[in-house]
Amino acid sequence: MEKILVMHGPNLNLLGEREPGYYGSDSFESVNREITEAAAALGMECEIFQSNCEGELIDKLHAARFDCKGVVLNAGAYTHYSYAIRDAIAAIKIPVVEVHMSNVHARDEFRHKSVIAPVCAGQIAGFGKYSYLLGVQALKNIIGEGAE
Ligand code: DQA
């Protein structure tokens with residue numbers, strides 16, 4: 001079975017209690033359950049990882065290149081300024097789909113810029129928890145295209 005990594009960056013562990021107007025009221029655990037089920041329905045095994053630390057996210061991206069076909073990444077606020085995460089994505093040769101629950105382009109100006117977008121396969125934003133589910137679907141399509 002193809003394995004993928006779904007990775008959440010800082011503050012996303014607080015889903016359900018954090019700014020529900022932007023991120024919904026579903027808990028982190030229930031969103032992860034839906035992600036895992038969506039991946040399984042597409043025939044993929046899904047590892048979920050969350051960290052509030054930049055270095056841990058980078059280490060996990062590095063490790064993913066050995067056992068995952070691709071990554072769905074919500075890098076949280078790191079999206080907007082972490083050149084280190086951008087370089088990690090560029091360094092690994094598996095596709096990374098950038099996702100955001102909120103429509104970052106309709107929010108504060110600093111959220112309009114994604115420094116990781118140029119090295120990601122594409123960006124999905126604004127669909128709440130469905131951004132992750134769409135990200136999983138997109139990754140499945142990309143992996144399928146790469147298959148022989
Ligand atoms: C986010 C958007 C970011 O700007 C913010 O810092 C987050 C979450 C989203 O999912 O909409 O932490 O990535």
Side-chain angles (χ1 to χ4, degrees), residues 2-65 68-90 92 94-145:
E2 287 159 348
K3 184 178 170 192
I4 63 165
L5 173 67
V6 174
M7 198 156 85
H8 308 275
N11 302 306
L12 290 157
N13 53 309
L14 298 184
L15 282 184
E17 46 179 298
R18 174 193 183 203
E19 299 184 273
Y22 286 120
Y23 306 116
S25 49
D26 289 342
S27 69
F28 182 61
E29 291 72 23
S30 95
V31 171
N32 285 334
R33 217 175 302 122
E34 287 196 50
I35 293 169
T36 305
E37 284 167 10
L42 293 167
M44 302 190 296
E45 181 194 342
C46 177
E47 180 181 353
I48 309 250
F49 180 79
Q50 189 276 333
S51 177
N52 295 318
C53 303
E54 189 177 26
E56 287 181 7
L57 295 166
I58 291 167
D59 286 345
K60 195 69 186 174
L61 283 169
H62 291 177
R65 78 192 199 278
C68 292
K69 295 277 187 200
V71 181
V72 173
L73 172 62
N74 185 349
Y78 284 136
T79 303
H80 313 301
Y81 65 93
S82 175
Y83 297 117
I85 290 179
R86 175 196 166 117
D87 283 353
I89 295 167
I92 61 174
I94 54 175
V96 177
V97 175
E98 174 185 357
V99 303
H100 301 285
M101 299 183 84
S102 64
N103 180 356
V104 283
H105 303 288
R107 297 181 63 191
D108 322 75
E109 185 136 10
F110 76 87
R111 296 184 205 276
H112 299 180
K113 171 86 183 166
S114 166
V115 301
I116 67 171
V119 292
C120 286
Q123 184 194 66
I124 297 165
F127 302 104
K129 66 183 177 184
Y130 298 102
S131 291
Y132 286 105
L133 308 184
L134 291 164
V136 167
Q137 174 75 66
L139 193 54
K140 173 72 183 177
N141 295 349
I142 296 166
I143 292 167
E145 282 163 15

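All values derive from a computational prediction rather than experimental measurement.
Sorted by first then second residue, the salt bridge (charged side-chain N to carboxylate O under 4.0 Å, His left out) pairs that include residues 114-130, not counting sequence neighbours, are Asp26-Lys129, Glu34-Lys129. Listed by first and then second residue, the ring pair (Phe, Tyr, Trp, His ring centres under 6.0 Å) pairs that reach into residues 6-30 are His8-Phe28, His8-Tyr132, sequence neighbours excluded.
The closest side-chain heavy-atom distance from Glu45 to Ile4 is not below 4.5 Å. Using a 4.5 Å heavy-atom threshold, the side chains of Ile116 and Glu98 count as touching. You'll find the side chain of Val97 stays beyond 4.5 Å of the side chain of Cys120, heavy atoms only. Inter-residue side-chain proximity for Val6 and Thr36 is flagged as unmet; no heavy-atom pair is nearer than 4.5 Å. Using a 4.5 Å cut-off on side-chain heavy atoms (C-beta onward), Val115 and Tyr81 make no contact. Looking at heavy atoms from C-beta onward, Ile58 lies in side-chain contact with Glu54 at the 4.5 angstrom threshold.
Annotation: the span from Ser25 atom OG to Leu15 atom CG amounts to 10.5 Å, rounded to 0.5 Å.
Residue Leu139 comes nearest to Val72 through the heavy atom pair CD2-CG2, 3.8 Å, listed as atom of the first residue, atom of the second, then distance. For the residue pair Cys68 and Ile94, the shortest heavy atom distance occurs at O-CG2, 3.5 Å. Scanning both residues, Ser131 and Val99, for their nearest heavy atoms gives O-CG1, 3.5 Å. Of all the heavy atoms in His100 and Asn74, the pair that sits closest is ND1-OD1, 3.7 Å. Here the shortest heavy-atom pairing between Val96 and Leu73 reads CG1-CB, 3.8 Å. What you find for Gly9 and Asn52 is that their closest heavy atoms are O-OD1, 4.2 Å.
Under the salt bridge (Lys or Arg N to Asp or Glu O under 4.0 Å) criterion, Arg86 pairs with no residue, sequence neighbours left out. Every residue was checked against the salt bridge (Lys or Arg N to Asp or Glu O under 4.0 Å) condition with Lys113, not counting sequence neighbours, and none meets it. Every ring pair (Phe, Tyr, Trp, His ring centres under 6.0 Å) that Phe110 has, sequence neighbours left out, goes to His80. A search for salt bridge (Lys or Arg N to Asp or Glu O under 4.0 Å) contacts involving Asp87 returns nothing, not counting sequence neighbours.
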Report task. Begin with the C-alpha distance, continue with both residues' side-chain angles, and end with the deciding distance and a verdict on side-chain contact (heavy atoms from CB on, under 4.5 Å) for Ile48 and Met7. Result -> CA-CA 6 Å; Ile48 309 250; Met7 198 156 85; over 6 Å; no

Report task. Evaluate the side-chain contact (heavy atoms from CB on, under 4.5 Å) criterion for residues Glu17 and Leu14: first the C-alpha distance (whole Å), next the side-chain angles of each, then the deciding distance (0.1 Å), finally the verdict. Result -> CA-CA 6 Å; Glu17 46 179 298; Leu14 298 184; 4.2 Å; yes

**Report entry** Pair Glu2-Leu42, side-chain contact (heavy atoms from CB on, under 4.5 Å): steps then yes or no
**Finding:** CA-CA 10 Å; Glu2 287 159 348; Leu42 293 167; over 6 Å; no

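A salt bridge links Lys60 with Glu47; the closest basic N to acidic carboxylate O contact falls under 4.0 Å.
Side-chain atoms of Ser82 do not come within 3.5 Å of backbone N or O of Thr79 as any donor-acceptor pair. Counting only distance, with no hydrogens or angles, the side chain of Asn13 and the backbone of Gln50 share no donor-acceptor pair below 3.5 Å. The closest donor-acceptor contact from the side chain of Ser102 to the backbone of Gly126 lies at 3.5 Å or more, if one exists at all. Under a 3.5 Å cut-off, the side chain of Arg65 and the backbone N or O of His62 do form a donor-acceptor pair.
The number of heavy atoms from other shown groups lying within 6.0 Å of NZ (Lys140) is above 12.
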